[in-house]
Amino acid sequence: MGNRGMEDLIPLVNRLQHALGSAGQSCSLHLPQIAVVGGQSAGKSSVLENFVGRDFLPRGSGMVTRRPLILQLLTADTEHGEFLHCKGKKFTDFDEICREIEAETQRITGSNKGISPIPINLRIYSPNVLNLTLVDLPGITKVPVGDQPADIEYQIRDMIMQYICKDNCLILAVTPANTDLANSDALKLAKDVDPQGQRTIGVITKLDLMDKGTDARNILENRLLPLRRGYIGVVNRSQKDVVGKKDIKAALLAEKNFFLSHPSYKHMAESMGTPYLQKTLNQQLTNHIRESLPAFRSHLQSQLLSLNKKAEEFKQFSPDDPARRTKTMLQLAQRLAVDFEKLIEGSGDTVDTVNLSGGAKINRIFHERFPYELVQIESDEKKLRQEINYAIRNIHGVRTGLFTPDMAFEAIVKKQLLCLKGPCIKFVDMVSQELITTLYQCINKLSSFPKLQEETERLVTTEIQEQESKCKEQVLMLIEIQLAYINTKHEDFIGFTIAQQTNNQANKKTNAGMAANHGVAAPSRLIVIRKGWLTISNLGIMKGGAKEYWFILSAESLSWFKDDEEKEKKYMLHLDNLRFRDVEKTFMSSKCVFALFNTELRNVYKDYKSLELTCGSQEQLDSWKASLLQAGVYPEKVAVDEQGNGAPEKFTDPQLERQVETIRNLVESYMSIIYKTIKDLMPKTIMHLMINSVKEFISSELLAQLYALGECSALMDESTEQQKHREEVLCKHAALKEALAVIGKFSTSTCTTPLPPPVDSSWIRPSSPTLPKKTSGSVRGHAPSVPRVPSNASSKSTDSLQQIARQHHRAPPSVPRRHPPAIPNVK
């Protein structure tokens, strides 16, 4: 490549990037993007080629650049080019790169001067460049030709704005010397996005084509139409030189001779030409890097500080040292015990705010899932009364009984007790599964030692399964104990006398009494049991359709509000005589639905017999069901249709009916005692036999059993990933130290050039006939449409624009732009 102005910067920055790249780190010194902006055939592509030092851009008359070309220069050992749309293909011939640019342009825009904002991405790898991004943009034109749209000027302006509005973009405003500089479209656009002129450099081309007797001396000396960074004159190769394959080095020599021999420019020949432009851009890069160094150095130092301790440990690390292996295994076993206990007891270092886990999930099983499972097993009313009826009649046999037989009571109670086995065993299984899940969460920290992780998982899982078996045996024994003796002298048992009185007052029984009979303590009416969002899904479209509300469940009512601020109450539903049932999911919905209905077949809400409520997940549904149980609302037991099917059996013998009702009350009273006992003993049994035993095993027995395997050395073999991680840490640590040394050298071997003082640039008129409206913040809107200015308002508009343009201290205006379009897929 021909750009020699980068020689001082290339070694330093490349060393920095190489040092960080060897450790897998990226250099965050984001070098500026350089955009070349100008009118059609102003010589933009030639300026860009001279900067790169290679012929690779299409040339010709008229509009040649019809799509933005984003050129990324990347430092590499070899020189070649790659296109984003030709992945995997390397171009070593720069003439072939030029042909590919032309072909890709025509593929999107056609061959009849059409344009497109979709960029062409080209990467050029070379050992003689810095990592820079150069952008070649279409030339500004005002008259559409060929397939170009009527608003071609505004489309191109919008396209240019997408690039030059970025703060790290240097703008090369290219203007031919044989045109009126005061009307330069490039300078007008640059003024819009860079009103202070801090990143705009004027480039004057075609100085050799000016009419005889005229020159651009006053402009290049920055006396006429001044810019803050001034102007740099260049002489590019002509179309004849390009066609004749004139070498860039020869062209640079001819440019130098032109400035040295021209009477108007020879006194400033040293500050003119492509080499000086390269030197100016090189200094701007140096300034940018030096400004970025303090923050970048602090970032590297903080990374180095965080790695010092670990790197020091890894340097002294000896993988084959038996003492080190034993110590590490001891530390890991102790850490596993601490982590497991923290997850169970709820005192973990990190708190999960998304999902329940560990002890919290076990607590939910204790107090929500298990009570719900107990309610699910209760026999429905019809079946229970029928069983009592058959038991009484079978006990009496051929005789007619005068008294209520207690054997019928015992038979029904024992049958009810046997039904408890299923939910209790399921309860143990759920807790066991949660313990295993908690173990997996903790044991992942042993992944650096695969064999140790595997053996630890096997030992602890085996212990959980053994304790699960013991716990199930104990649970079944508890049920057998209850079956062994029916204690009718229990202080909470109502007895035959009270049962008969209850039978006479059955119609006066309240919902709170039913809750007490099921062993659920009636909560205070003032206590809020649950709050949350639910959707009422069975409302018709005429009444608003399905809608989400904020629900509050208390001991006596279910209320819903417009939102969770609880200011606008929509309705309050009393819980008397309410039951709930599941609603099957529809084909198109995955939501979980349950319905509330009245046992007396009354309307629940307005003219609706039931209220269907939708939850977001099965877990939410189960939680709401458990809360309803706590409030005394129970699942549907008997489905009674309009013909009375499913209703309790009506007995023809009044005495038998009284006996059945008495036994039913006795069974209900005794089973409520059993439910209270089971709900109290089951969590205690599981906590003692399973959870505490597993915690004790991990903290006390696990390490001994690992040693007993006799393969301590083999257990502590590192995984390949851990070995690679150790090497990466050491490599990164060394790279950071080297990078900090390079930064120190960069700071001492480079200097900063101060920004020139501001100049009066009010001569540059706004780029658009209409000013964009000021928007909040830095958000940029869409490109303005083609303005339609009334003829009688044109003079006023021009005067006002000139007045605004003279305000140098104004803030940068909001630049209208479109979002870049997506790049189409290329097959």
Side-chain angles (χ1 to χ4, degrees), residues 356 360 363-376 378 508-539 544 546-583 591-637 672 675-676 679-680:
L356 292 178
N363 179 275
R364 181 173 175 268
I365 295 172
F366 281 174
H367 302 295
E368 292 186 15
R369 294 293 303 276
F370 184 55
Y372 180 70
E373 293 295 332
L374 290 181
V375 174
Q376 290 290 90
E378 293 183 14
K508 299 180 181 180
K509 190 185 328 182
T510 62
N511 200 36
M514 292 178 65
N517 290 339
H518 285 87
V520 180
S524 170
R525 294 184 175 186
L526 300 177
I527 295 177
V528 174
I529 299 174
R530 183 179 176 84
K531 295 183 179 182
W533 291 98
L534 290 173
T535 301
I536 303 178
S537 57
N538 63 325
L539 298 183
K547 197 169 184 181
E548 191 176 36
Y549 295 100
W550 179 257
F551 279 75
I552 298 179
L553 175 64
S554 66
E556 64 177 7
S557 66
L558 178 67
S559 305
W560 57 91
F561 296 78
K562 180 181 178 181
D563 51 41
D564 54 4
E565 294 183 0
E566 301 178 12
K567 293 181 179 179
E568 184 178 344
K569 182 184 285 189
K570 292 295 184 180
Y571 199 79
M572 184 175 72
L573 180 64
H574 289 281
L575 302 182
D576 297 338
N577 300 319
L578 285 187
R579 293 286 184 273
F580 68 84
R581 62 169 175 262
D582 291 326
V583 178
K591 300 287 186 179
C592 300
V593 187
F594 68 96
L596 296 174
F597 66 95
N598 192 291
T599 56
E600 298 179 355
L601 302 181
R602 295 178 181 176
N603 290 343
V604 175
Y605 172 61
K606 295 185 179 180
D607 55 348
Y608 290 92
K609 293 290 185 183
S610 65
L611 189 66
E612 294 185 3
L613 301 175
T614 302
C615 303
S617 65
Q618 185 64 39
E619 183 176 352
Q620 292 181 10
L621 177 62
D622 294 340
S623 184
W624 271 104
K625 287 180 179 179
S627 300
L628 288 170
L629 288 177
Q630 189 178 351
V633 180
Y634 294 91
E636 179 182 21
K637 291 184 178 180
S672 69
Y675 290 147
K676 287 181 181 179
K679 283 191 288 186
D680 181 59

Do the two ring centres, one from Trp533 and one from Trp550, sit under 6.0 Å apart?
yes

Write down the atom of [X], the atom of [Y], and the distance for their closest heavy-atom approach.
{"X": "Pro371", "Y": "Ile365", "result": "CD-O, 4.5 Å"}
{"X": "Ala546", "Y": "Ser537", "result": "CB-CA, 4.0 Å"}
{"X": "Val604", "Y": "Lys609", "result": "CG2-O, 3.2 Å"}
{"X": "Val583", "Y": "Ala595", "result": "CG2-CB, 3.7 Å"}
{"X": "Ser554", "Y": "Leu575", "result": "O-CD1, 3.5 Å"}
{"X": "Phe597", "Y": "Arg581", "result": "CD2-NH1, 3.1 Å"}

Between atom [atom1] of [X] and atom [atom2] of [Y], what is the distance when rounded to the nearest 0.5 Å?
{"X": "Leu601", "Y": "Ser610", "atom1": "CG", "atom2": "OG", "answer": "11.5 Å"}
{"X": "Asp622", "Y": "Glu368", "atom1": "CG", "atom2": "CD", "answer": "9.0 Å"}
{"X": "Lys679", "Y": "Leu374", "atom1": "NZ", "atom2": "CG", "answer": "6.5 Å"}
{"X": "Ile529", "Y": "Glu556", "atom1": "CD1", "atom2": "CD", "answer": "10.5 Å"}
{"X": "Lys570", "Y": "Tyr549", "atom1": "NZ", "atom2": "OH", "answer": "5.5 Å"}
{"X": "Tyr605", "Y": "Leu558", "atom1": "OH", "atom2": "CG", "answer": "11.5 Å"}

Between [X] and [Y], is any pair of side-chain heavy atoms under 4.5 Å apart?
{"X": "Tyr571", "Y": "Leu611", "answer": "no"}
{"X": "Leu596", "Y": "Leu628", "answer": "yes"}
{"X": "Lys567", "Y": "Phe561", "answer": "no"}

Donor-acceptor contact below 3.5 Å, side chain [X] vs main chain [Y]:
{"X": "Lys547", "Y": "Ile536", "value": "no"}
{"X": "Ser623", "Y": "Glu619", "value": "no"}
{"X": "Thr599", "Y": "Asn577", "value": "yes"}

Within a reach of under 6.0 Å around NZ of Lys562, are more than 12 heavy atoms found that belong to other residues, nucleotides or ligands?
no

Pair Phe580-Leu613, side chain to side chain contact (heavy atoms under 4.5 Å, CB included): steps then yes or no:
CA-CA 10 Å; Phe580 68 84; Leu613 301 175; over 6 Å; no

Show, in sequence, the C-alpha distance, side-chain angles and deciding distance for Leu534 and Gln620, and conclude whether the side chain to side chain contact (heavy atoms under 4.5 Å, CB included) test is met.
CA-CA 10 Å; Leu534 290 173; Gln620 292 181 10; 5.8 Å; no

Candidate pair Asp564 and Lys531, rule salt bridge (Lys or Arg N to Asp or Glu O under 4.0 Å), full reasoning:
CA-CA 9 Å; Asp564 54 4; Lys531 295 183 179 182; over 6 Å; no

Counterpart residues, side-chain contact (heavy atoms from CB on, under 4.5 Å), relative to Asn363 (two or more places apart)
His367

For a side chain to side chain contact (heavy atoms under 4.5 Å, CB included) check, start with the C-alpha distance between Tyr634 and Leu629, then their side-chain angles and the critical distance, and finish with the verdict.
CA-CA 6 Å; Tyr634 294 91; Leu629 288 177; 3.4 Å; yes

